[in-house]
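Only one structure is covered here, and it is reproduced in the block below.
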Number of protein chains: 2
Amino acid sequence: MLRLSKKTEYALMAVKYMAVNQNGKCITVKEIADTYGISFQLLAKLMQQLVRNGIIESQQGTKGGYRLNKSADSILLLDIINAIEENYGLTDCMESEIPENGCARANCCTIRDPLAKVQNKINRIFSETTIGQIL
Amino acid sequence: MLRLSKKTEYALMAVKYMAVNQNGKCITVKEIADTYGISFQLLAKLMQQLVRNGIIESQQGTKGGYRLNKSADSILLLDIINAIEENYGLTDCMESEIPENGCARANCCTIRDPLAKVQNKINRIFSETTIGQIL
DNA sequence: TTAAATACGACTATTTAAGTCTTATATTTA
DNA sequence: TAAATATAAGACTTAAATAGTCGTATTTAA
Ligand code: SF4
Ligand code: SF4
């Protein structure tokens, strides 16, 4: 299917929203979830993942929320994919988390290396695209 | 997850196998399935899809099998993806089968157009990669 | 006419994605 | 300091897509 997960779409929308609408102030999960009709609980957890990956920072408590941790131009599409997509990669054997294989067919596989080259090209596209570009 | 389906991997292996091993003669599903440990029934249906998409041709009956319908260099990775991946596209709104949307959030979505550009770049990669290149 | 192959639709099982529930913690403000 | 508002986080459930199976029909060479 080669599809971006909905989680990644939501995270992208949220980061773009923050880039456009934050002006020093914090932005709450509720505000973003309401704007796009995203489940609050689901988006909340995505925001937490973005914090853990250093893309945004949080402020707890009343008047709390989130804001970008760096400029929109320095946030890559690949950063968000890596933060949110669980097993990113064209094939099982290319998951960034597990450099070693995990595929029973690895010994007889004739397409692994060619696909790895394709994967590199795709990664390049994702790292050439920044949030700044999609504003 | 952004993963190629196993079906597409199998189809790629099969097409590459045919490119390497056919010399005029037909190649059976069984031969390919046994070589790579792929389910015979599953691969058989993939081969049929490749026939319908004009990538290979079939010969029924005893001594039957499949052979490539064109040169390895003129078979694009994108051809095989389009033949096998059911809903190819980065997002629900980009499925090649349904040019029109199918997404409830389309009205408020701020990432559709930027992602469409990324999709085009990915399509370019897939159409620049041929079976000839991965031999 | 038999054996070896493809053709194809319906079905099942497994895995992944998507969303929900619950409880805990931090922080501002009345 | 209590109440209100926000994030933090793990367990759980549901829905959808992927992967694989089964059964039967058809084609064709020997
Ligand atoms: S080794 Fe080959 S079959 Fe296994 S996951 Fe990688 S590409 Fe696919
Ligand atoms: S319109 Fe936006 S939310 Fe809907 S599928 Fe396309 S990118 Fe995703």
Side-chain angles (χ1 to χ4, degrees), chain A residues 1-11 14 18 25-34 36-53 56-67 69 81 84-92 95 97 102-105, chain B residues 1-11 13-14 18 25-34 36-53 56-67 81 84-92 95 97 102-105:
Chain A
M1 208 177 181
L2 266 159
R3 187 131 325 168
L4 239 36
S5 68
K6 282 289 173 190
K7 288 180 183 178
T8 297
E9 286 193 26
Y10 300 158
M18 285 187 280
K25 65 181 193 307
C26 277
I27 293 186
T28 65
V29 173
K30 186 171 192 317
E31 178 175 350
I32 301 173
D34 287 352
Y36 298 115
I38 302 168
S39 151
F40 170 83
Q41 299 277 10
L42 184 52
L43 183 58
K45 288 202 301 191
L46 300 177
M47 300 298 270
Q48 289 159 25
Q49 284 184 259
L50 294 176
V51 170
R52 285 188 215 109
N53 284 269
I56 63 179
E57 57 183 7
S58 72
Q59 166 70 46
Q60 287 197 354
T62 305
K63 298 268 177 184
Y66 297 92
R67 62 173 78 80
N69 214 6
I81 288 172
I84 306 293
E85 292 283 340
E86 330 236 337
N87 289 315
Y88 169 59
L90 278 181
T91 64
D92 290 345
E95 292 174 30
E97 296 88 5
C103 172
R105 254 178 290 263
Chain B
M1 209 176 179
L2 267 159
R3 188 133 323 171
L4 241 33
S5 69
K6 282 289 175 190
K7 288 180 182 178
T8 297
E9 287 193 25
Y10 300 158
M13 289 176 181
M18 285 187 281
K25 65 181 193 305
C26 277
I27 293 185
T28 66
V29 173
K30 185 168 193 319
E31 177 175 351
I32 301 173
D34 286 351
Y36 299 115
I38 301 169
S39 151
F40 170 84
Q41 299 277 11
L42 184 53
L43 183 58
K45 288 202 302 190
L46 299 177
M47 301 298 270
Q48 289 159 25
Q49 283 183 262
L50 294 176
V51 170
R52 285 189 215 107
N53 284 268
I56 63 180
E57 57 183 6
S58 73
Q59 167 71 46
Q60 289 198 350
T62 305
K63 297 269 177 183
Y66 297 92
R67 61 174 77 81
I81 289 173
I84 306 293
E85 292 283 338
E86 329 234 339
N87 289 316
Y88 169 59
L90 278 181
T91 64
D92 289 344
E95 291 173 32
E97 296 87 8
C103 172
R105 253 178 291 264

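Note that this is a predicted model, so its numbers are computed, not measured. Per chain, numbering begins at 1; letters A, B, ... match sequence-line order.
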Checklist entry - In the strands shown, is dA30(D) matched to any nucleotide by a Watson-Crick or G-U wobble pair with both distances under 3.5 Å, and which? => result dT1(C)
Checklist outcome for this item: Contacts of L4(A) and K63(A) projected onto DNA chain C by closest heavy atom; the upstream (5') one is L4(A)
Next on the checklist: Go nucleotide by nucleotide along DNA chain C from the 5' end; which of Q60(A) and Q60(B) gets its closest nucleotide reached first?
Outcome noted: Q60(B)
Is the phosphate of [N] approached by [X] (side-chain N or O, under 4.0 Å from OP1 or OP2)?
| X | N | value |
| --- | --- | --- |
| Y10(A) | dG19(C) | yes |
| Y88(A) | dT16(C) | no |
| T28(B) | dT6(C) | no |
| S5(A) | dT16(C) | no |

Distance in angstrom units between [X] [atom1] and [N] [atom2], rounded:
| X | N | atom1 | atom2 | value |
| --- | --- | --- | --- | --- |
| L2(A) | dT16(C) | CG | P | 16 Å |
| I38(A) | dA17(C) | CD1 | P | 18 Å |
| E86(A) | dA18(C) | CD | P | 9 Å |
| F40(A) | dT20(C) | CZ | C1' | 13 Å |
| E85(A) | dA18(C) | CD | C1' | 13 Å |
| I32(B) | dA5(C) | CD1 | C1' | 13 Å |
| M18(B) | dT6(C) | CE | P | 11 Å |
| E9(A) | dA17(C) | CD | C1' | 12 Å |

Next on the checklist: Expected output is a numbered-order residue list: members of residues 41-51 of chain A with a heavy atom under 4.0 Å from any atom of DNA chain D. What is it?
Outcome noted: Q41(A), K45(A), Q48(A)
Next on the checklist: Could you work out, with salt bridge (Lys or Arg N to Asp or Glu O under 4.0 Å) as the rule, every residue matching K6(B), not counting sequence neighbours?
Outcome noted: D92(A), E9(B)
Checklist entry - Quick one: salt bridge (Lys or Arg N to Asp or Glu O under 4.0 Å) partners of R105(B), sequence neighbours excluded? => result none
Checklist entry - Looking only at atom types and distance, does a side-chain atom of R67(B) sit under 3.5 Å from a main-chain N or O of Q59(B), one as donor and one as acceptor? => result no
Residues which pass side chain to side chain contact (heavy atoms under 4.5 Å, CB included) with [X], listed by chain and number, not counting sequence neighbours:
| X | result |
| --- | --- |
| D34(A) | K30(A) |
| S58(B) | V51(B), Y66(B) |
| T62(A) | none |
| Q41(A) | S39(A) |

Next on the checklist: Reading DNA chain D in the 5' to 3' direction, which nucleotide is the first one with an atom under 4.0 Å from a heavy atom of chain A, and which is the last?
Outcome noted: dA4(D) to dT18(D)
Checklist entry - Pick the nucleotide of DNA chain D nearest each of G65(A) and K6(B); which residue has the one closer to the 5' end? => result G65(A)
Next on the checklist: With salt bridge (charged side-chain N to carboxylate O under 4.0 Å, His left out) as the criterion, how do R3(A) and E95(B) come out once you've worked through the C-alpha distance, each side chain's angles and the decisive distance to 0.1 Å?
Outcome noted: CA-CA 10 Å; R3(A) 187 131 325 168; E95(B) 291 173 32; 3.2 Å; yes
Item to check | Heavy-atom side-chain proximity of S5(A) to E85(A) below 4.5 angstrom | outcome: yes
Checklist entry - Which part of the nucleic acid does R52(A) contact within heavy-atom distance under 4.0 Å: base, sugar-phosphate only, or nothing? => result sugar-phosphate
Next on the checklist: Just to verify, what does E31(B) make a side chain to side chain donor-acceptor pair (under 3.5 Å) with, not counting sequence neighbours?
Outcome noted: Y17(B)
